[in-house]
Amino acid sequence: MKPNLNEHVLDTLSKSNHLNHLKQLQAYLTTLGHAHTHFYAFKLIRFCTLTLSNLTYARLIFDHIPSLNTHLFTAMITAYAAHPATHPSALSLFRHMLRSQPPRPNHFIFPHALKTCPESCAAESLHAQIVKSGFHEYPVVQTALVDSYSKVSGGLGNAKKVFDEMSDRSVVSFTAMVSGFARVGDVESAVRVFGEMLDRDVPSWNALIAGCTQNGAFTQGIELFRRMVFECNRPNGVTVVCALSACGHMGMLQLGRWIHGYVYKNGLAFDSFVLNALVDMYGKCGSLGKARKVFEMNPEKGLTSWNSMINCFALHGQSDSAIAIFEQMVEGGGGVRPDEVTFVGLLNACTHGGLVEKGYWYFEMMVQEYGIEPQIEHYGCLIDLLGRAGRFDEAMDVVKGMSMEPDEVVWGSLLNGCKVHGRTDLAEFAAKKLIEIDPHNGGYRIMLANVYGELGKWDEVRNVWRTLKQQKSYKVPGCSWIEVDDQVHQFYSLDKSNPKTEDLYIVLESLVGFRNEVMGEP
DNA sequence: TTAGGGTTAG
């Protein structure tokens, strides 16, 4: 039996993925006089945008339809709104729609249009349009408004206002608000809104856990992750990516391993994000072999995969391996192009390996070959590299040639180099710069006092300490931690609060004694 | 056809 036209079109579209097939079908429909009917035009545009990702051709079809309806506008605007690069096209087509009449926008189209708002005033203007069109009480539209406002700079107040005025808040609108607070770094408010939720699903947990880890609240993120598992919400790929990031920052290898097991048992090992996060976690926790193994297993190594692996090696001073991975990336990385993060890792690797010339060379390569404008991070690495090598004239030339103001890392790196090489004159200069940037940082003043001590300038030492006492700004002590049996133990300098301090010192002294014996030192 | 969540950097 011959299929009817409707079935034939749908069948052809579902089986092909080539523009040529689409064109043949279009020609066929034209001969039958159906190419511009709303139903078939809609199908063609959806196929073009969703299957072929060919927005240019979709627009061509769209522009040749003599009378457009709301569905066709929605299809085209949705496609534009799906990618940031085409957001301006979405917005301009939507404005065109508002000017032409009819067709009028329906409530389905506003959430898509709202996704494209680059700044607060665009969201406000759409908000006004929503009110004018009478869709301002549709919960989905209100949720889209909350989300859109919370994503534009300075829009959180409006997001909160819309959210507070909503009479029918869903788990989605709550989640949008949680993310909104997290985005501006207000973890406390994010936790509060999360606490007010009656229903929670996986994305809402993810929003809060991501909010914590993105704002450096790693312990809190881990606690929430444990609670999520305890309350029988099944973590998905997004959850484990956030939790792994927290594990890496906290050095929690055991939990990281448990998550790795969970990833395998739950079919998440094919997610490139998850694999990259595993590489990063193992690398930060010092398991370089495991990091490498996971990296090698990833069949779709993207930019982040390569960067994470390079950073792992750089972090542990394995500069040769980091450079080897970089070369592999450039030569056989499947067209993956290094970015600014790659070069931070690479320069770090050179710093830790004392490879000054190579570091310079990569810095040049980044600018000349890849056209990447050096960021403050790259300058920080370069100064660190030169400072450690005692090449202070060159380091100062780099500082003078910077296109931005040197930050604490730049001066701090220089100061470190000065300390190693006994350049007290330059150390004084760098320490003063650090104090200029952050006058309330006691650590910088202590560094300056130490430099004066080296120079025998005792009056200056007393002056610095006087200021320190007046400001009451003492140095935040450095801290390290180790994980034993799933418990993290923290240690501060001179801290004897651990109940096993005495035993720890006995072991430490025996280790030092052993080292001295081996090294032939007294 | 409509709304929320993700990794890497001194």
Side-chain angles (χ1 to χ4, degrees), chain A residues 42 45-46 50 70-79 81 105-115 135 138-148 150-151 166 169-180 182-183 197 200-211 213-214 235-246 248 268 271-281 283-284 302-312 314-315 339-348 351-352 375-385 407-410 412-413 416:
Chain A
F42 180 79
I45 288 173
R46 293 289 279 187
L50 298 180
T70 305
H71 283 278
L72 292 163
F73 268 105
T74 311
M76 201 63 235
I77 290 168
T78 307
N106 58 16
H107 73 280
F108 289 112
I109 207 163
F110 281 103
H112 290 293
L114 280 165
K115 264 191 199 160
F135 297 128
Y138 280 62
V140 173
V141 175
Q142 291 172 317
T143 304
L145 269 169
V146 171
D147 183 52
S148 181
S150 75
K151 279 177 180 157
M166 280 178 78
R169 291 181 204 140
S170 66
V171 60
V172 182
S173 49
F174 267 101
T175 306
M177 202 60 243
V178 168
S179 303
R183 216 167 279 125
M197 294 176 74
R200 290 172 191 141
D201 61 3
V202 174
S204 48
W205 280 97
N206 289 349
L208 189 61
I209 295 172
T213 55
Q214 285 162 356
N236 66 5
V238 176
T239 328
V240 303
V241 162
C242 299
L244 284 169
S245 162
L268 300 172
D271 183 331
S272 203
F273 273 80
V274 170
L275 294 174
N276 296 343
L278 276 168
V279 170
D280 175 64
M281 181 278 295
K284 285 209 174 83
L303 179 58
T304 308
S305 318
W306 293 98
N307 286 353
S308 300
M309 198 64 244
I310 292 170
N311 286 330
C312 286
L315 188 67
D339 71 348
E340 59 279 5
V341 180
T342 319
F343 284 98
V344 171
L346 212 46
L347 289 171
N348 244 330
T351 304
H352 292 139
Q375 298 174 348
I376 196 102
E377 283 86 353
H378 302 112
Y379 285 117
C381 293
L382 198 58
I383 307 289
D384 198 7
L385 184 70
D407 68 352
E408 290 163 80
V409 177
V410 169
S413 301
N416 268 330

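Each chain gets a letter, A, B and so on, in the order its sequence line appears, and its residues count up from 1.
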Distance (rounded to the nearest 0.5 Å) between I310(A) CD1 and T342(A) OG1 = 5.5 Å

task = Name the nucleic acid region contacted by V171(A), choosing base, sugar-phosphate or nothing; use a 4.0 angstrom heavy-atom cut-off, strictly under.
result = base

task = Give one of base, sugar-phosphate or nothing for V202(A), where a contact means two heavy atoms less than 4.0 Å apart.
result = base

remark   = Those residues at least two apart in sequence (or on a different chain) that pass ring-ring contact (aromatic ring centres under 6.0 Å, His included) with F73(A) are F62(A)

inquiry  = Return the CE to CZ distance between M76(A) and R46(A), rounded to the nearest 0.5 Å.
reply    = 11.0 Å

message = Considering every strand and a 4.0 Å limit on heavy-atom distances, what is the contact class for V274(A): base, sugar-phosphate, or nothing?
response = base

remark   = chain A vs DNA chain B, heavy-atom contacts under 4.0 Å, first-to-last nucleotide span, 5' to 3', is dT1(B) to dG10(B)

task = Would you give the length of the straight line joining atom NE2 of H352(A) to atom CG of L385(A), rounded to the nearest 0.5 angstrom?
result = 10.0 Å

ask   = If you look at every strand shown and take non-hydrogen atoms under 4.0 Å, does G412(A) touch a base, only sugar-phosphate, or nothing?
value = nothing

query = Checking all strands, does H71(A) fall into the base, sugar-phosphate, or nothing category for heavy-atom contacts under 4.0 angstrom?
reply = base

inquiry  = Regarding T351(A), tell me which of base, sugar-phosphate or nothing describes its non-hydrogen contacts under 4.0 Å with the strands shown.
reply    = nothing

inquiry  = Can you tell me how far apart CE (M197(A)) and OG (S204(A)) are? Round to the nearest 0.5 Å.
reply    = 4.0 Å

Touch class at under 4.0 angstrom, heavy-atom based, for S245(A) against every strand present = sugar-phosphate

inquiry  = Counting the atoms with a prime plus P, OP1 and OP2 as sugar-phosphate, which does H112(A) contact under 4.0 Å by heavy atoms, base, sugar-phosphate, or nothing?
reply    = sugar-phosphate

task = With heavy atoms under 4.0 Å as the rule, sort R200(A) into base, sugar-phosphate or nothing.
result = nothing

request  = Taking side chain to side chain contact (heavy atoms under 4.5 Å, CB included) as the test, write out the residues that go with N236(A), two or more places apart.
outcome  = V202(A), N206(A), V238(A), T239(A)

request  = Kindly state which residues belonging to residues 341-348 of chain A come within less than 4.0 angstrom of DNA chain B, counting heavy atoms of the residue only, listed by number.
outcome  = V341(A), V344(A), N348(A)

query = Contact class for Q214(A) vs. all strands (heavy atom < 4.0 Å): base, sugar-phosphate, or nothing?
reply = sugar-phosphate

inquiry  = Students often get this wrong, so: under 4.0 angstrom with heavy atoms, is S170(A) touching a base, only sugar-phosphate, or nothing?
reply    = base

request  = Assign S179(A) to base, sugar-phosphate, or nothing according to its heavy-atom contacts below 4.0 angstrom with the strands shown.
outcome  = sugar-phosphate

query = With sequence neighbours excluded, what pairs up with V341(A) under the side chain to side chain contact (heavy atoms under 4.5 Å, CB included) test?
reply = N307(A), N311(A), D339(A)

Sugar-phosphate only, base, or nothing, as touched by T143(A) at under 4.0 Å among non-hydrogen atoms = base

query = Atom NZ in K284(A), atom OG in S308(A): separation rounded to 0.5 Å?
reply = 8.0 Å

ask   = How would you list, by chain and number, every residue that makes a side chain to side chain contact (heavy atoms under 4.5 Å, CB included) with Y138(A), sequence neighbours excluded?
value = H107(A), F135(A), V141(A)

